[in-house]
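The structure under discussion appears below in the form of structure tokens.
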Amino acid sequence: MFEPRDPLFAGRVRESFGRQSAMTTIGARLVTVEPGLVAIELPFRADLCQQHGFLHGGIATSIVDTACGFAALTLMAAEAAVLTVEFKVNFLAPATGERFLACGRVVRSGRQISVATGEVTAYAAGQEKIVCLMQATMSTI
């Protein structure tokens with residue numbers, strides 16, 4: 001659907017993700033990098049949970065925001081970088097599972113502003129459940 005402006009976008013995204021110490025700290029890893037689409041996987045860790053044993057909303061938000069931002073970056077010029085300027089999150093269900101997958105997808109890619117949607121899916125015992133949705137606005141810098 002989208003054509004990247006930089007033919008080497010995947011390597012640039014992977015290199016940039018590797019510099020994100022926050023993602024390294026929580027154990028998130030990049031699993032998909034395609035034009036306008038990025039997925040990040042996070043294994044369950046008890047130390048990332050809130051007091052009821054669910055993945056903390058701030059952690060879920062962090063991985064889906066990152067997926068949305070990198071999805072936008074896949075469509076930007078080689079010299080560009082991306083910053084989140086706004087997002088909205090809806091938590092749909094408690095985030096319980098063995099692993100979580102955050103997918104960010106570009107809806108509109110502009111020269112200065114891009115809009116992406118994202119979701120976090122929880123996987124447990126062969127079942128999957130969407131636990132949060134995001135709409136995000138990204139700025140090209």
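Predicted, not measured: the structure shown is a model, and the values here were computed from it.
H52 places no side-chain N or O within 3.5 Å of a backbone atom of F54 that could act as its donor or acceptor partner. Checking side-chain atoms of R45 against main-chain N and O of I26 turns up a donor-acceptor pair under 3.5 Å. A donor-acceptor pair is defined here as one N or O able to donate and one able to accept, closer than 3.5 Å; no such pair exists between the side chain of E15 and the backbone of G18. A side-chain donor-acceptor contact under 3.5 Å links R108 to the backbone of I113. In this structure, the side chain of T140 engages the main chain of R111 through a donor-acceptor pair within 3.5 Å. The backbone N or O of A125 lies less than 3.5 Å from a partner atom in the side chain of E98, making a donor-acceptor pair. Remark: the backbone N or O of G36 is paired with a side-chain donor or acceptor of T74 at under 3.5 angstrom.
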So T32 and V38, side chain to side chain contact (heavy atoms under 4.5 Å, CB included) or not? Walk me through it.
CA-CA 5 Å; T32 303; V38 165; over 6 Å; no
Side chain to side chain contact (heavy atoms under 4.5 Å, CB included) assessment of M134 paired with T61:
CA-CA 8 Å; M134 173 177 280; T61 299; 3.8 Å; yes
Could you give me the CA-CA distance, side-chain angles and deciding distance for Q135 and E86, then say whether side chain to side chain contact (heavy atoms under 4.5 Å, CB included) is met?
CA-CA 8 Å; Q135 180 167 315; E86 178 272 341; 5.6 Å; no
Begin from the C-alpha positions of F9 and L73 and carry the test side chain to side chain contact (heavy atoms under 4.5 Å, CB included) through to its verdict.
CA-CA 8 Å; F9 74 92; L73 187 64; over 6 Å; no
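Going from atom CZ of R99 over to atom OG1 of T121 covers 9.0 Å, rounded to the nearest 0.5 Å. With rounding to the nearest 0.5 angstrom, the CG atom of L75 is 11.5 Å from the CD atom of E34. Between M76 atom CE and S109 atom OG the span is 6.5 Å, to the nearest 0.5 Å. Atom CD of E41 sits about 11.0 Å away from atom CG of L30, to the nearest 0.5 Å. Atom CD1 of I141 is separated from atom CG of L83 by 4.0 Å, given to the nearest 0.5 angstrom. Remark: I63 CD1 to L101 CG distance equals 8.0 Å, nearest 0.5 Å.
Side-chain atoms of C68 and F87, non-hydrogen and from C-beta on, never get closer than 4.5 Å to each other. Using a 4.5 Å cut-off on side-chain heavy atoms (C-beta onward), Y123 and F100 make no contact.
Partner of V64 under the side-chain contact (heavy atoms from CB on, under 4.5 Å) criterion, out of V120, I59, V131, T117: V120 alone.
When all heavy atoms of A72 and V82 are compared, the pair lying nearest together is CB-CG2, 4.3 Å.
More than 12 heavy atoms of other residues, nucleotides or ligands shown are found within 6.0 angstrom of CD on Q20. Counted within 6.0 Å of CD on E3, heavy atoms from surrounding residues, nucleotides or ligands total 12 or fewer; the atom is thus considered open.
Neither V106 nor L133 shares a network with the other; the hydrophobic side chains, linked directly or stepwise wherever heavy atoms of I, L, V, M, F, W or Y lie under 4.5 Å apart, form separate groups for each.
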